[in-house]
Amino acid sequence: QSQLVESGGGLVQPGGSLRLSCAASGSSLDYYAVGWFRQAPGKEREGVACISSMYGSTVYSDSVKGRFTISRDNANDTVILQMNSLKPEDTAIYYCAARGPGYYEDYRWCPTYLIMADFGSWGQGTQVTVSS
């Protein structure tokens, strides 16, 4: 399994922006679909975005659609989550996750619904706090 490392979290005012990055340690992300999940205090972890390795197709949750953008930086083998127009309810620990392990065609694609069980490698998370 890949070891994933997130970076870029922090404190931002409502309406502000943050850019999260996800990189793999000791392996590559380029084969796998990669997703971002978040978990707020007292709530279950929820999927917010995913990008496939084939054609860069994306999936977003309704709560972030139009405000968050997921993309790949292939030169640096990272996956980026650009978060704009942040709201206090976006406050959470954000985790990146990759499908796998193993090399199966399905792992190149995002599932229709972002469910934790469909992702085999996880990072430790990065805190995002939206507050004035």
May I ask you to test the [X]-[Y] pair for a side-chain heavy-atom distance under 4.5 Å?
{"X": "S53", "Y": "R72", "value": "yes"}
{"X": "P111", "Y": "R99", "value": "yes"}
{"X": "M83", "Y": "Y94", "value": "yes"}
{"X": "D73", "Y": "V79", "value": "no"}
{"X": "T91", "Y": "Q127", "value": "yes"}
{"X": "V48", "Y": "Y60", "value": "no"}
{"X": "E44", "Y": "Q39", "value": "no"}
{"X": "P14", "Y": "K87", "value": "no"}

(request) Any salt bridge (charged side-chain N to carboxylate O under 4.0 Å, His left out) involving residues 121-132? Give me the pairs, sequence neighbours left out, ordered by first then second residue. (result)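 Those involving residues 121-132 do not exist here.
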Under 4.5 Å side-chain heavy-atom separation, chaining through any Ile, Leu, Val, Met, Phe, Trp or Tyr, what else clusters with [X]? Say none if it is isolated.
{"X": "I80", "answer": "none"}
{"X": "M54", "answer": "Y55, W109"}
{"X": "L11", "answer": "none"}

With sequence neighbours excluded, what pairs up with [X] under the ring pair (Phe, Tyr, Trp, His ring centres under 6.0 Å) test?
{"X": "Y113", "result": "none"}
{"X": "F37", "result": "F119, W122"}
{"X": "Y107", "result": "Y104"}
{"X": "Y31", "result": "Y103"}

(message) According to salt bridge (charged side-chain N to carboxylate O under 4.0 Å, His left out), who are the partners of R38, at least two apart in sequence or on a separate chain?
(response)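 Salt bridge (charged side-chain N to carboxylate O under 4.0 Å, His left out) list for R38, sorted by chain: E46, D90.
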(request) Output all residues satisfying salt bridge (charged side-chain N to carboxylate O under 4.0 Å, His left out) with K65, sequence neighbours left out; order by chain, then residue number. (result)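 D62.
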(request) Tell me, please, which residues at least two apart from D30 pass side-chain hydrogen bond (donor to acceptor under 3.5 Å, both in side chains). (result)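 Testing D30 for side-chain hydrogen bond (donor to acceptor under 3.5 Å, both in side chains), a comparison that skips the adjacent residues, returns S28.
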(message) Distance check, rounded to the nearest 0.5 Å: L20 atom CG versus F68 atom CZ?
(response)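 Going from the CG atom of L20 to the CZ atom of F68 covers 8.0 Å.
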(message) Regarding S63 and S61, do their side chains bring together a donor and an acceptor under 3.5 Å, going by distance alone?
(response)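 On atom types as modelled, these side chains qualify, holding a pair under 3.5 Å.
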(request) Report the C-alpha separation of Q3 and S121 in whole Å, then their side-chain angles, then the decisive distance to 0.1 Å, and conclude whether the side chain to side chain contact (heavy atoms under 4.5 Å, CB included) test is met. (result) CA-CA 7 Å; Q3 283 289 103; S121 300; over 6 Å; no
(request) With sequence neighbours excluded, tell me which residues meet side chain to side chain contact (heavy atoms under 4.5 Å, CB included) with V12. (result)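 For V12, the residues satisfying side chain to side chain contact (heavy atoms under 4.5 Å, CB included) (neighbours in sequence not counted) are L18, L86, V130.
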(request) Look at the side chain of D77 and the backbone N and O of L29, then say whether any donor-acceptor pair between them is shorter than 3.5 Å. (result)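 Flag set: sc D77 to bb L29 pair under 3.5 Å.
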